[in-house]
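Heads up: the structure comes next, in structure tokens.
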Amino acid sequence: MMTQFDLTDEQREIQELARRFTADRITPYAGEWDEKHIFPRDTIKQAAELGFAAIYVSEESGGIALGRLEAALIMEAMAYGCPSTSAFISIHNMASWMIDRFGDADVKGRYLPDLVTMERMASYCLTEPGSGSDAAALKTRAVRDGDHYVVAGSKQFISGGGENEVYVTMVRTGEDGPKGISCLVIDKDTPGVSFGANERKLGWHSQPTRQVMFDNVRVPVANRLGAEGEGFRIAMMGLDGGRLNIGACSLGGAQRCLDEAVAYVKDRRQFGKAISEFQNTQFTLADMATELEAARALLYLAAAKVTDNAPDKTRFAAMAKRLATDTGSSVVDRALQLHGGYGYLMDYPIERFWRDLRVHSILEGTNQVMRMIVGRDLLKD
């Protein structure tokens, strides 16, 4: 019975590979990336050498064709060092997967070789200034003109905006609502593409976030993924995996803070003894560990369902994302509290994780929207 709920030997090898990469290439430098707002392009490209830029891209397209559980293990491991950098790699993977899954041979041949190696990096463009949770209300329009679309509009909160070379973009080609949305691959250097200022954010300082603007940008019809009107379905399928990955990033960050807290309370002395000896401290750590393991178990189950294309995959992805991101933030908050005033200082990593994990309950669909998805699925006929 135990093996049914355990990782396979191959999954453990993948997890250990990601952990070693994180320990060597991410953890020692993440504090500086955060403090100085450094985008670690070279480190991210090194992750691509391990296949981490094309985790669920098919082998035929140069990827390593793993499942969503393996992807979650990788994201969780890298987030132990830096949730911001891990989340950036997740977004690139989402965009690459969309091209592989829905693109024809021509568009895959033009983009995937460079995306797999991260010679070019990709952003996912769905959110707009006026449509966040209500993604089906997006207004960026693409009008057909011969063998091109003319794209006008803007996208908001785009990770990698201005740095990345490729933008997988949801546009309106038809009627209002989800049925009028299509998906285009747009190059950074296309005339009419421009970017806003780098957003000044609470966290996620190791990756740039900008508005992406399209001023009558001519995009070849050959750059469309899927048929006209399939964009919303593509976007939602991508979000199932994205929600798992961002939940995994919360798990990794929270695990790091739990480990930091355990080490700190053993060393910190008050009232003549280590604070680890106080029952209140032990109870707090016990709750943190228990809640983290429960969230991890649900996320791994949801990942298996998404890989298997189970009928309830979207509900489970939403439940897992909600629980993992809320739990992650709660665990980190208690880890900061256990550190006392030192937890508030940048000399310790806790405050960075506290800031980085806060956005996870907002992006990839807010946790309020996750509750809507779950509730509607439970109540459907």
Side-chain angles (χ1 to χ4, degrees), residues 8 10-11 13-22 24-26 39-78 85-125 159-160 163-169 183-190 207 219-220 222-226 230-231 234-235 237-242 244-245 248 303 306-309:
T8 65
E10 181 182 2
Q11 288 166 342
E13 290 175 5
I14 293 166
Q15 184 183 55
E16 183 57 29
L17 179 64
R19 285 174 173 172
R20 288 198 304 269
F21 176 79
T22 300
D24 293 341
R25 303 295 184 183
I26 296 179
F39 177 49
R41 178 178 283 268
D42 289 343
T43 301
I44 291 169
K45 287 181 68 175
Q46 289 169 355
E49 296 173 9
L50 302 177
F52 294 169
I55 298 169
Y56 27 83
V57 170
S58 64
E59 291 181 349
E60 293 79 6
S61 297
I64 57 176
L66 297 178
R68 300 299 176 143
L69 175 52
E70 290 80 8
L73 295 173
I74 293 168
M75 297 304 159
E76 182 180 355
M78 290 193 293
T85 301
S86 183
F88 178 90
I89 294 172
S90 168
I91 293 164
H92 174 90
N93 270 274
M94 180 194 294
S96 299
W97 171 79
M98 287 180 172
I99 293 173
D100 184 48
R101 174 68 175 78
F102 298 102
D104 60 21
D106 170 66
V107 74
K108 287 194 284 191
R110 285 188 285 119
Y111 286 99
L112 286 176
D114 285 346
L115 294 178
V116 165
T117 61
M118 278 191 163
E119 287 302 313
R120 289 191 286 176
M121 297 182 187
S123 293
Y124 171 64
C125 301
S159 292
E163 288 281 351
N164 289 353
E165 294 82 10
V166 178
Y167 297 84
V168 177
T169 307
C183 182
L184 300 177
V185 182
I186 303 177
D187 293 313
K188 175 184 179 179
D189 59 2
T190 307
Q207 57 164 287
V219 180
N223 279 27
R224 189 183 67 219
L225 303 182
E230 283 193 311
I234 293 170
M237 289 179 66
L239 284 175
D240 279 342
L244 295 173
N245 284 353
V306 172
T307 297
D308 292 342
N309 198 30

Query raised in the report: With sequence neighbours left out, what residues match Tyr124 under ring-ring contact (aromatic ring centres under 6.0 Å, His included)?
Result: none
**Report entry** Set of side chain to side chain contact (heavy atoms under 4.5 Å, CB included) partners for Thr85, sequence neighbours left out
**Finding:** Trp33, Pro40, Ile44, Cys82, Ile89, Ser206
Requested in this report: Using salt bridge (Lys or Arg N to Asp or Glu O under 4.0 Å) as the criterion, list what pairs up with Asp187, not counting sequence neighbours.
Outcome: Arg120
Query raised in the report: Between Ser86 (side chain) and Met75 (backbone), is there a donor-acceptor pair under 3.5 Å?
Result: yes
**Report entry** Partners passing salt bridge (Lys or Arg N to Asp or Glu O under 4.0 Å) against Glu230 (at least two apart in sequence or in another chain)
**Finding:** Arg233
Query raised in the report: Under 4.5 Å between any side-chain heavy atoms of Ile74 and Phe21, yes or no?
Result: no
Query raised in the report: Taking the side chain from Asn245 and the backbone from Ile91, do they hold a donor-acceptor pair closer than 3.5 Å?
Result: no
Report task. Please identify each residue that fulfils salt bridge (Lys or Arg N to Asp or Glu O under 4.0 Å) with Glu13, with sequence neighbours left out. Result -> none
Query raised in the report: Taking the side chain as C-beta and beyond, is there a heavy-atom pair between Tyr167 and Val219 under 4.5 Å?
Result: no
Query raised in the report: Among all residues two or more places apart in sequence or in another chain, which pass the salt bridge (Lys or Arg N to Asp or Glu O under 4.0 Å) test with Arg41?
Result: Glu163, Glu165
Query - Nearest heavy-atom neighbours spanning Ala77 and Gln15 - result: CB-O, 4.3 Å
**Report entry** Nearest atoms (heavy-atom pairs only) where Thr8 meets Gln11
**Finding:** N-OE1, 2.9 Å
